[in-house]
Engineer: 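One structure coming up, written as structure tokens, with questions to follow.
Bear in mind the structure is a predicted one, so any value in this text is a computation, not a measurement.
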Amino acid sequence: MMNTATTGLAAGMALGFAAYFGGFWAFLLVLVLGTVGLAVGLALQGDLDLHTRRQR
């Protein structure tokens, strides 16, 4: 299992490669999709409760 530092390093490298090879829009796309993937993963894991956030 990867720790937080390794996960951050992998995410930073992915964003860096996207920015270098694809430009600004590829960087943005990777950033947005990574954020969505993180939110879905946390929700499936049970660490993010979307039901209580929608009731506000």
Engineer: As an exercise, state the distance from CG of Leu29 to CH2 of Trp25, rounded to the nearest 0.5 Å.
Structural biologist: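 CH2 of Trp25 is found 10.5 Å from CG of Leu29.
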Engineer: Can you tell me how far the CG atom of Leu28 sits from the CG atom of Leu15, to the nearest 0.5 Å?
Structural biologist: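 Answer for the CG-CG pair, Leu28 versus Leu15, is 9.5 Å.
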Engineer: For a quick test of reading the model, state the closest non-hydrogen atom pair linking Ala26 to Ala18 and the distance between them.
Structural biologist: CB-O, 3.6 Å
Engineer: Residues sharing Tyr20's hydrophobic cluster, by side-chain heavy-atom contacts under 4.5 Å among ILVMFWY, directly or via others?
Structural biologist: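 Besides Tyr20, the hydrophobic cluster comprises Leu9, Met13, Phe17, Phe21, listed by chain and residue number.
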